[in-house]
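To start, the structure under review is shown below, and the notes come after it.
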Amino acid sequence: MKNGLLAQNEDLSVTSDSHHQFSIKPVIFLFVIGAAIRLFASYFTFVINSDGVLYINQAKMIYYGQWDLLTSSGYSYLSNYPFFIACAYAIVGNWLVAAKSISFLFGFFTLVPLYLLFNRFFNRNISLLGCLIYALMPVFVDRSADIVRDPVYWFFMVTGIYFFILQNQERYRLYIFLSSISYLLATWARIEAILFIVLSSIYLLISGKMRVERFLVFLSPVIIVTVVFILHVRLFDIDVGIINRTPEIVNKFTEPINRYMELRKELTSLHLIIPSDNDLMICFLPKVRHCVWLIGFGTLFHYFVEGFFPPFCLVLIIGFFGSREKFKKSSWLQYFCLLIFGGWLLLYAHLMHTWLMDQRFLAIVMFPCFIFVGFGLEKVNLYLQSRFRLKELSAFTVIFLIILSIGFAKNVQYRNVDKLVFRQIGELVAEREKNNDGYVEVLSSSDKMRQFAFYSNSNNERQILPQLINMNEMTGNSYYEFLEHLKQKKIKYFLWEEKYWMRQSFDIMTQEYAKHFKKLGSWYHSDTGKMILFEVKL
């Protein structure tokens with residue numbers, strides 16, 4: 001029996017293959033490609049990423065019930081990603097394999113809700129091509145090979161979008177409820193996904209019929225989770241900061257403005273100290289001061305194009321400008337545009353706050369943009385058929401092969417080869433300490449210490465990486481003060497790095513260093529310069 005809600009989506013141009021014979025083989029082929037390219041990237045990623053060590057640390061604490069240490073491993077909050085790693089470890093028995101398998105599985109299975117989402121708007125061929133673009137997009141392949149929470153976030157975000165647009169079905173309450181749960185799980189993985197909950201709530205209040213009912217159904221999981229969380233905190237005296245990141249969210253509304261004004265002041269001060277004979281900078285800096293906001297837009301656009309990958313971004317642009325006549329006909333396009341616009345504002349605020357950006361942050365905009373990728377693929381498909389008189393299957397095959405060749409050319413390559421040296425150094429320590437059941441204390445100057453410490457203790461599955469030691473505090477003011485600190489901290493191995501050690505006040509290569517350090521080998525990396533691994537003999 002139809003209800004009044006169906007009327008709101010009669011304008012939605014949803015296509016399906018119900019009138020055509022459906023073949024599962026192309027879908028299976030797509031999934032094989034998506035899995036193969038991610039397995040290749042994962043296998044040929046030679047060194048664990050620095051953040052990955054922290055996530056494995058948290059997973060170990062969960063698995064062994066060390067709840068009091070959860071926020072002492074480098075992160076002051078807890079996402080759902082370490083829980084998945086802990087579950088995977090119970091199956092595979094290896095922390096590195098468990099962590100990488102979760103990234104792979106969620107990155108790969110994002111294809112499922114994405115294909116279903118495409119299939120709500122486009123025919124099977126366009127849906128396959130759209131998913132193939134996701135499957136081969138370098139930023140998504142790379143992150144699926146790293147130990148990061150992003151793949152978990154992608155899966156639940158796309159699942160949330162898919163359930164949300166199923167409101168034209170008779171069981172709309174169930175789909176809205178499942179959408180809210182999916183968005184909550186995405187938010188637990190990455191806090192910025194809370195934007196989808198806010199914007200979806202606004203959309204439900206201003207669009208269609210039975211607005212209040214749909215709004216309350218959507219918010220009910222949020223209310224339930226909030227109440228349970230508050231009760232749990234009260235009863236068990238849990239540190240709210242482990243999960244609650246409200247202060248961070250609030251700061252995103254105020255800090256970008258403060259940082260913007262601070263940066264303008266800094267540019268003014270810089271202008272005053274420029275030498276009078278430097279005409280170029282004297283003329284340039286006052287203009288930059290008034291264009292900081294525009295630099296932010298340009299930076300964000302640059303990262304978006306690079307992240308979406310220029311050839312695929314061209315398809316997106318074709319689809320965006322080729323779908324103008326559909327905006328007034330489909331309320332769902334307005335929903336996607338709302339998500340995209342909100343995502344852009346959030347990313348811009350983050351950039352103005354920190355001036356730090358990574359391509360993976362743009363996923364909050366990229367996935368809603370896939371609707372326009374579909375429109376772009378439709379336009380390209382129709383152009384090939386009309387311009388070159390190709391049949392539909394021929395045009396599909398041409399586009400498929402072009403996407404496949406571009407994607408494979410970009411993705412089939414070794415990753416982090418230059419960082420392999422840090423793994424080799426750590427494995428040398430692990431080999432020397434293979435009969436040691438305890439944690440091997442190591443010291444390094446750079447942020448590569450996490451990987452160095454991780455591989456140095458790869459024989460000890462239960463060991464948790466302790467808080468990183470501050471090198472400046474360790475060295476002190478003299479060689480002998482440094483030796484005393486090494487003795488107090490029970491440091492067994494020390495990795496000397498040329499570029500980082502230049503900041504210290506003394507040269508470790510004194511005449512007496514052979515009494516206290518045994519040289520085990522030397523290496524070189526462009527980030528650190530010459531590296532020497534010492535065994536501490538104290």
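Just so you know, these numbers use all the heavy atoms, side chains as well, and skip hydrogens, waters and symmetry mates.
Under the 30°/60° scheme for interplanar angles, the aromatic rings of Phe375 and Phe122 are found to stand perpendicular. Using cut-offs of 30° and 60° on the angle between ring planes, the pair Phe297 and Trp293 is perpendicular.
Ring centroids of Tyr414 and Phe46 are separated by less than 6.0 Å, placing the two rings close together. A ring-centre distance under 6.0 Å is found for Tyr134 and Phe140. The aromatic ring centroids of Tyr335 and Phe164 lie less than 6.0 Å from each other. Aromatic rings of Phe309 and Phe312 (six-membered ring for Trp) have centroids within the 6.0 Å cut-off, being under it. Side-chain rings of Phe304 and Trp344 approach one another, their centers coming within less than 6.0 Å. Taking the ring centroids of Phe308 and Phe370, they lie under the 6.0 Å cut-off.
Using a 4.0 Å cut-off between charged nitrogen and carboxylate oxygen, Arg360 and Asp150 count as a salt-bridge pair. Asp146 and Lys100 are not joined by a salt bridge, as no carboxylate oxygen comes within less than 4.0 angstrom of a charged side-chain nitrogen.
A 4.5 Å side-chain heavy-atom check between Trp355 and Val292 finds at least one atom pair inside the cut-off. Contact annotation: the side chain of Ser103 approaches that of Tyr81 to within less than 4.5 Å [non-hydrogen atoms, C-beta and beyond]. No side-chain heavy atom of Trp188 sits under 4.5 Å from any side-chain heavy atom of Phe156.
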